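To keep things clear, I will list the structure first and then write my remarks on it.
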Amino acid sequence: MKILITGAKGQLGQTFQDVFAGHNLILADREELDISDSEKVEKYVEAKKPEVILNCAAYTAVDKAEEEPEIARKINVDGVKNLAQEAKKLNSIFVHFSTDFVFDGKKDIPYTEEDQPSPLSVYGKTKYQGEQAVADTGGRYFILRTSWLYSQHGKNFVKTIMKLGQEKDELKIVSDQIGKPTYTYDLAFSVRDLIDFSVAQPQTPNSQKFYGLYNYSNEGECSWFEFAKEIVKLSGGKARVLPQTAYEYAASREGVTAERPAYSSLNCDKIKKLGIKTPPWQESLTKCIEILKSNKEL
Ligand SMILES: NC(=O)c1ccc[n+]([C@@H]2O[C@H](COP(=O)([O-])OP(=O)(O)OC[C@H]3O[C@@H](n4cnc5c(N)ncnc54)[C@H](OP(=O)(O)O)[C@@H]3O)[C@@H](O)[C@H]2O)c1
């Protein structure tokens with residue numbers, strides 16, 4: 001398959017390069033293809049004619065987005081729409097990623113695809129508008145809502161806590177926000193399964209029902225505090241991990257301006273009904289930390 005990966009240097013973009021190794025990959029980082037440049041996107045996609053577009057490009061700086069709402073919107077809404085439209089013209093499969101931060105966190109059971117988003121932050125709002133832009137464009141699309149991503153690539157919570165756990169004696173971590181940590185490789189293999197299913201489907205009006213919005217997270221929920229405790233334990237760190245409220249955390253640091261949902265677990269029953277697996281978060285975290293330890297990437 002000919003697959004275009006946008007945002008190819010981000011943590012999910014790099015994961016897909018491993019998961020789809022052996023395919024004809026077109027790797028586009030921001031320099032190669034700025035997704036917010038509609039003319040460039042049109043020319044680029046028309047010239048390359050990918051059968052699948054994996055959109056891993058996004059404005060992901062949750063706090064900074066509060067100061068730069070226009071830039072965040074240009075990338076997370078306009079950029080996404082540019083790609084979705086080009087995918088539709090070619091009848092290519094378009095895969096886009098969204099976030100648990102589209103919810104306000106007022107529920108106390110996991111959010112389904114049917115729940116109404118009500119984002120608290122600029123980042124969450126732009127990601128929700130991006131989802132809507134894809135759905136309005138139509139075509140053969142998948143939107144995967146996911147949460148708390150980590151991997152051996154890029155910057156993420158697991159790598160930060162592993163490092164701090166070795167350097168510091170004590171770490172204070174937010175204990176009143178609950179969600180589902182998710183290993184990018186589990187997400188990426190699920191996307192591979194979704195694409196395999198859809199390629200195998202005869203292209204009838206009925207097969208359109210198969211496309212659409214899916215939640216995908218690892219199984220089980222925890223707070224950032226519980227997540228950090230597990231990371232320090234599995235990586236052999238020395239730091240004592242202590243709980244702190246989100247309010248205390250924001251008050252103790254510069255630049256923590258975005259409001260985050262207190263509860264943002266995703267219900268993944270819809271994707272599991274297709275036979276797609278959601279391994280327990282502790283199991284996937286163990287795998288990732290083993291890789292990080294063997295790479296000595298700390
Ligand atoms: N990380 C999480 O915890 C999390 C949770 C839920 C959902 N998601 C979603 O999952 C997806 C992947 O996230 P990630 O963690 O892999 O993010 P990431 O590591 O921040 O990667 C995003 C990539 O997009 C690139 N990019 C930014 N603006 C661009 C533009 N205008 N044109 C082309 N590329 C651009 C960035 O390049 P530069 O580095 O040059 O800016 C970066 O390489 C995103 O849609 C995100 O919203 C992430």
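Atoms within each ligand, like the ligands themselves, are counted from 1 in listed order. Treat the numbers as computed from the prediction; the structure is a model and nothing was measured.
Less than 4.0 angstrom separates some heavy atom of Lys9 from each of these atoms of ligand 1: 43 (O). Every atom of ligand 1 is numbered from 1 in the order shown, and the set under 4.0 Å from a heavy atom of Asp34 is 30 (C), 31 (N), 32 (N). Under a 4.0 Å criterion applied to the non-hydrogen atoms of Cys56, ligand 1 contributes the atoms 22 (C), 23 (C), 24 (O). Near Leu12, meaning under 4.0 Å from any of its heavy atoms, are these atoms of ligand 1: 12 (C), 16 (O).
A cation-pi arrangement is absent between Lys125 and Tyr123, since the terminal nitrogen or guanidinium carbon is not both under 6.0 Å from the aromatic centre and inside a 45° cone about the axis.
Note: Phe103 and Tyr111 meet the aromatic proximity criterion, with ring centroids under 6.0 Å apart. Checked against the 6.0 Å centroid threshold, Trp281 and Tyr183 do not count as a close aromatic pair.
Using a 4.0 Å cut-off between heavy atoms, Thr60 contacts ligand 1 through its side chain alone, with no backbone atom that close. Contact annotation for Arg145 and ligand 1: no heavy atom of the residue comes within less than 4.0 Å of the ligand. Only side-chain heavy atoms of Tyr123 come within less than 4.0 Å of ligand 1; its backbone N, CA, C and O stay farther off. Under 4.0 Å from ligand 1, not a single heavy atom of Tyr150 appears. Under 4.0 angstrom from ligand 1, there are no non-hydrogen atoms of Ala8. Residue Ala28 does not touch ligand 1, judged by heavy-atom distances below 4.0 Å. The proximity of Thr182 to ligand 1, defined as any non-hydrogen pair under 4.0 Å, does not occur for either the backbone or the side chain. Of the heavy atoms in Ile35, both backbone and side-chain atoms come closer than 4.0 Å to ligand 1.
Taken to the nearest 0.5 Å, the CD atom of Gln14 stands 9.5 Å off from the OG1 atom of Thr184. To the nearest 0.5 Å, atom CZ of residue Arg145 and atom OG1 of residue Thr112 are 8.5 Å apart.
Distances between N or O atoms of Ala57 and those of ligand 1 include no value under 3.5 Å. Taking distance alone, with nitrogen or oxygen atoms compared against 3.5 Å, Lys127 approaches ligand 1 more closely than that limit. Of the N or O atoms in Gln11, one or more lie within a sub-3.5 Å distance of an N or O in ligand 1. At least one N or O atom of Leu149 sits closer than 3.5 Å to an N or O atom of ligand 1. Considering backbone and side-chain N/O of Arg30, one or more are found under 3.5 Å from N/O of ligand 1. Residue Asp100 has no N or O atom closer than 3.5 Å to an N or O atom of ligand 1.
Salt bridge Glu226/Lys229: absent, no basic N to carboxylate O contact under 4.0 Å. Salt-bridge check for Glu51 with Lys2: failed, with every basic side-chain N at 4.0 Å or more from each acidic carboxylate O. Between Lys89 and Glu86, at least one side-chain nitrogen of the basic residue sits less than 4.0 Å from a carboxylate oxygen of the acidic one, meeting the salt-bridge criterion.
In this structure, Phe16 and Phe97 have tilted ring planes: the angle between them lies in the 30° to 60° band. Relative ring orientation between Tyr214 and Phe142 is described as tilted, the plane-to-plane angle lying within the 30° to 60° band. Between Phe20 and His23, the two ring planes are perpendicular [angle over 60°; tilted spans 30° to 60°].
Atom 33 (C) of ligand 1 has its nearest heavy-atom neighbour, among Leu33, Asp29, Thr6, in Leu33.
Distance check for atom 16 (O) of ligand 1: a protein heavy atom is found below 4.0 Å.
By the 4.5 Å heavy-atom criterion applied to side chains, Asn156 and Trp148 are not counted as neighbours.
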Please lay out, stage by stage, how Lys107 and Asp115 fare under the test salt bridge (Lys or Arg N to Asp or Glu O under 4.0 Å). CA-CA 10 Å; Lys107 263 184 93 173; Asp115 283 315; 2.7 Å; yes
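Considering only non-hydrogen protein atoms, atom 27 (C) of ligand 1 sits nearest to Ala58 O, 3.3 Å.
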